[in-house]
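Naming: A, B, ... by sequence-line order, numbering from 1 per chain.
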Amino acid sequence: AQSVTQLDSQVPVFEEAPVELRCNYSSSVSVYLFWYVQYPNQGLQLLLKYLSGSTLVKGINGFEAEFNKSQTSFHLRKPSVHISDTAEYFCAVSPRGTYKYIFGTGTRLKVLA
Amino acid sequence: DTAVSQTPKYLVTQMGNDKSIKCEQNLGHDTMYWYKQDSKKFLKIMFSYNNKELIINETVPNRFSPKSPDKAHLNLHINSLELGDSAVYFCASSPGQGFQYGYTFGSGTRLTVV
């Protein structure tokens, strides 16, 4: 069985500071990896994805993530956050050959002025 | 132009009632999904249709029945609503069955059963 763990349920950070949101997964097969963002009262929006190739993936809004196979991690980073980045961030995996997403429980990023 | 639209946005109803949630996508995608997000923000897939054919049917009570009249629409009908059905239900679509494409989500339907 596969699982996704987002270790931090909430991350407060000051504006213009860097941030890292952690995601670890467990799977017996290869996976595709994703980060989604959910703004208040909205649906999820794809931030970035890792399918293959370079382990450093760049997404929208200045976010990037690095796939680390040995540590089974896919942490999300941004060098300088804005107030508008305040949202819920979800890590997800899709085991190759399946038609499923498995989502983590989300990390609430709160950017403080 | 909303890519994936759900109606209604909010739904408050009494236990035992039957209700439907509608979803439409104008992206030309082949695959559509229903997800349930509980009060702890946990997202879980319920159903997936590809070109009107059911391809994923998770362990969801029989009271939940999806219907896809065409590949642009995926509706969710719920019979005999229970308190535990209260959640936000998200519709989503993707270009194909492969998850490498990522999803486009609707803005959700907040269902409250009283």
Side-chain angles (χ1 to χ4, degrees), chain A residues 1-6 8-11 21 23 25 27 29-53 57 59-60 63 65 67 74 87-110, chain B residues 2-10 21 23-25 27 29-51 53-60 74 87-110:
Chain A
Q2 295 82 22
S3 66
V4 178
T5 302
Q6 292 183 245
D8 306 301
S9 59
Q10 291 191 66
V11 173
L21 306 182
C23 174
Y25 70 92
S27 177
V29 301
S30 297
V31 296
Y32 300 121
L33 295 151
F34 305 81
W35 275 98
Y36 281 84
V37 59
Q38 184 179 25
Y39 298 104
N41 299 315
Q42 293 187 28
L44 281 73
Q45 179 182 354
L46 181 65
L47 266 181
L48 48 78
K49 59 188 176 185
Y50 172 78
L51 307 180
S52 64
V57 180
I60 62 172
F63 283 93
F67 170 53
F74 190 54
E88 193 91 22
Y89 291 79
F90 291 91
C91 181
V93 302
S94 177
R96 298 188 186 205
T98 72
Y99 300 130
K100 297 184 183 181
Y101 265 140
I102 296 128
F103 282 91
T105 50
T107 296
R108 182 178 295 276
L109 174 64
K110 186 170 177 59
Chain B
T2 304
V4 179
S5 59
Q6 296 178 228
T7 54
K9 194 171 177 64
Y10 300 96
I21 307 172
C23 179
E24 176 182 3
Q25 55 97 0
L27 299 166
H29 288 171
D30 289 332
T31 311
M32 296 184 72
Y33 313 83
W34 278 110
Y35 272 81
K36 180 180 179 180
Q37 186 177 46
D38 64 22
S39 58
K40 295 183 178 179
K41 296 280 189 178
F42 182 63
L43 270 160
K44 188 172 181 190
I45 191 167
M46 300 173 69
F47 302 104
S48 176
Y49 271 74
N50 185 66
N51 271 321
E53 180 185 349
L54 182 66
I55 56 170
I56 293 177
N57 185 351
E58 289 295 289
T59 51
V60 175
L74 180 61
V88 181
Y89 292 85
F90 285 101
C91 179
S93 71
S94 65
Q97 294 181 44
F99 286 76
Q100 64 267 35
Y101 301 112
Y103 289 175
T104 302
F105 280 83
S107 56
T109 295
R110 184 175 294 277

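Considering every non-hydrogen atom in both A/F90 and B/Q37, the closest pair reads CZ-NE2, 3.4 Å. Closest of all the heavy-atom pairs between B/F105 and A/Y36 is CE1-CE2, 3.8 Å.
B/Y103 and A/Y101 have perpendicular rings, their planes meeting at more than 60° on a 0 to 90° scale where under 30° would count as parallel.
Here A/Q45 contributes atom CD and B/S107 contributes atom OG; the two are 12.5 Å apart, rounded to the nearest 0.5 Å. Separating the CD atom in A/Q38 from the CG atom in B/L43 is a distance of 7.0 Å, to the nearest 0.5 Å.
No other option in B/G106, B/G108, B/A92, B/C91 has as many heavy-atom pairs under 4.5 Å with chain A as B/G106.
A 6.0 Å sphere centred on NZ of B/K9 holds more than 12 heavy atoms belonging to other residues, nucleotides or ligands. Residue-environment remark: CZ (B/R110) stays at or below the threshold of 12 foreign heavy atoms within 6.0 Å.
Neither the backbone nor the side chain of A/R96 comes within contact range of chain B; no heavy atom of the residue lies under 4.5 Å from a heavy atom of that chain. For B/K41, the parts lying under 4.5 angstrom from a heavy atom of chain A are both the backbone and the side chain.
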